[in-house]
Amino acid sequence: TMNKVWFICVASSVSLAFRVDRDLQSARGLTLNLDQFLSSKPKKSSIAGKICNKSYEGDWIDGVKNGFGSCIFDKQGSRYAGDWVNNTATGDGIIEFSNGDTYKGHIVDGAMDGEGKYEFANGDDYDGLWRDGVRVQGKVTFENGNVYSGELKDDKPHGHGKFIFRSGEGYEGEFTEGQRNGHGTYTFSNGVKFTGQFKNGKIDGMGTMSYVGGDRVTSKFMEGQAVGKGMVVQGSTGKTFHACNGVPVSAAEAEKCLD
């Protein structure tokens, strides 16, 4: 009788977890936050040219900009102050863009390169590694409380990363062009965790759903649903049971279960 009640509870929990995952996809999945990345794309710096030459104030060596100096480098009034090497902005410096964005960190040949922090006028910020003006790995903190830490490509999560919603829910694992793809772990606000395969932002492939009480469901998943034969572990006893579509069943019923 106790096992029967437990079977029902696990089946209900599995259904709830999958429903939560579907709600996440439609309401606030990674696609929504990918828009956040693209709306907070850093401005390109081009600290050179006639405008900068005319407005430059700072150190010179033999008629060449060397040392510390500053200049306005575009028609909108964006300003750079920092190190110069042989007429190029190279070293540590601060860029104040005309739209209110600011950058403080390392610069090579007039471009953000190395370690640096970029603060957007909208309240977002990025702190991490740059290559030729492009973010490659670091921490993005959004004004709404969401945080991404990890690798980036073309200003989108790509490679290994961790995205935490302000609610506390989050995903850590592999990304491809801004989508959850590959192996990862998603933690729901109620403490339930899924560890396994993701495809195009959704639970898809082999994985394990772990519940707060210690129960675990291991199965193949498609579009967020457990499919075919699997196994369920009862957390309180450590006992293992057969499962079909994520629900505990008898061995005979499991044999009839189709993938």
Side-chain angles (χ1 to χ4, degrees), residues 30 32-164 174-179:
L30 191 57
L32 172 64
N33 292 285
L34 179 56
D35 291 340
Q36 286 184 314
F37 278 94
L38 298 181
S39 65
S40 291
K41 191 173 181 178
K43 290 177 66 66
K44 289 284 186 177
S45 60
S46 181
I47 307 167
K50 294 181 180 179
I51 296 177
C52 185
N53 288 338
K54 289 181 179 180
S55 64
Y56 177 80
E57 295 180 353
D59 299 330
W60 299 81
I61 297 178
D62 296 330
V64 178
K65 302 183 192 74
N66 271 291
F68 183 87
S70 64
C71 77
I72 295 171
F73 61 86
D74 63 23
K75 293 180 179 180
Q76 290 72 43
S78 299
R79 180 181 179 84
Y80 168 75
D83 296 330
W84 293 80
V85 177
N86 296 329
N87 274 335
T88 66
T90 296
D92 294 325
I94 298 174
I95 303 173
E96 297 176 338
F97 293 97
S98 57
N99 69 346
D101 293 356
T102 61
Y103 171 82
K104 183 177 182 180
H106 200 71
I107 293 168
V108 176
D109 292 335
M112 297 171 284
D113 197 297
E115 292 290 334
K117 184 173 183 178
Y118 192 109
E119 296 181 343
F120 296 88
N122 66 3
D124 299 344
D125 69 63
Y126 167 79
D127 194 352
L129 188 63
W130 300 74
R131 284 288 179 266
D132 195 23
V134 178
R135 299 178 289 185
V136 293
Q137 184 170 359
K139 181 178 180 181
V140 184
T141 303
F142 295 100
E143 185 275 334
N144 67 0
N146 294 342
V147 177
Y148 172 78
S149 300
E151 298 174 288
L152 299 110
K153 182 181 179 181
D154 298 329
D155 285 308
K156 293 178 285 188
H158 189 88
H160 187 84
K162 184 177 183 179
F163 196 104
I164 304 297
E174 298 304 311
F175 290 84
T176 303
E177 296 184 352
Q179 288 286 353

Chemist: How many angstroms lie between CD in Q137 and NE2 in H158, if you round to the nearest 0.5 Å?
Modeler: 12.5 Å

Chemist: Between F163 and Y148, what is the ring plane arrangement, given parallel below 30°, perpendicular above 60°, and tilted in between?
Modeler: tilted

Chemist: Is it the case that atom CD in Q76 sees more than 12 heavy atoms from other parts of the structure closer than 6.0 Å?
Modeler: yes

Chemist: Of all heavy-atom pairs between V136 and Y126, which one has the smallest distance, and what is that distance?
Modeler: N-OH, 3.7 Å

Chemist: With a 3.5 Å cut-off and sequence neighbours excluded, list the donor-acceptor pairs that the side chains of residues 107-117 form with protein atoms.
Modeler:
| residue | atom | partner | partner atom | Å |
| --- | --- | --- | --- | --- |
| D113 | OD2 | D132 | N | 2.9 |

Chemist: Between E151 (side chain only) and H160 (backbone N and O only), is there a donor and an acceptor less than 3.5 Å apart?
Modeler: yes

Chemist: If the condition is side chain to side chain donor-acceptor pair (under 3.5 Å), which residues does D92 pass it with, not counting sequence neighbours?
Modeler: H106

Chemist: Does the S78 side chain pair with the main chain of S98, one donor and one acceptor, at a distance under 3.5 Å?
Modeler: yes

Chemist: Using side chain to side chain donor-acceptor pair (under 3.5 Å) as the criterion, list what pairs up with T90, not counting sequence neighbours.
Modeler: T88

Chemist: Any chance you could measure K153, atom NZ, to T176, atom OG1, to the nearest 0.5 Å?
Modeler: 9.5 Å

Chemist: Write down the atom of R79, the atom of S70, and the distance for their closest heavy-atom approach.
Modeler: NH2-OG, 3.1 Å

Chemist: Measuring from atom NZ of K156 to atom CZ of R135, what distance do you get when rounded to the nearest 0.5 angstrom?
Modeler: 12.0 Å

Chemist: Output all residues satisfying side-chain contact (heavy atoms from CB on, under 4.5 Å) with K139, sequence neighbours left out; order by chain, then residue number.
Modeler: T141, V147, S149

Chemist: Working to the nearest 0.5 angstrom, can you tell me the gap between D59 CG and F68 CZ?
Modeler: 8.5 Å

Chemist: Apply side-chain contact (heavy atoms from CB on, under 4.5 Å) to K65 and list each qualifying residue two or more places apart in sequence or on a separate chain.
Modeler: N53, Y56, W60, W84, N87

Chemist: Parallel, tilted or perpendicular: which fits the ring planes of F97 and F73, with parallel below 30° and perpendicular above 60°?
Modeler: perpendicular

Chemist: Just jot down the side chain to side chain donor-acceptor pair (under 3.5 Å) partners of D127, sequence neighbours excluded, or say none.
Modeler: none

Chemist: For a side-chain contact (heavy atoms from CB on, under 4.5 Å) check, start with the C-alpha distance between N86 and N66, then their side-chain angles and the critical distance, and finish with the verdict.
Modeler: CA-CA 6 Å; N86 296 329; N66 271 291; 3.5 Å; yes

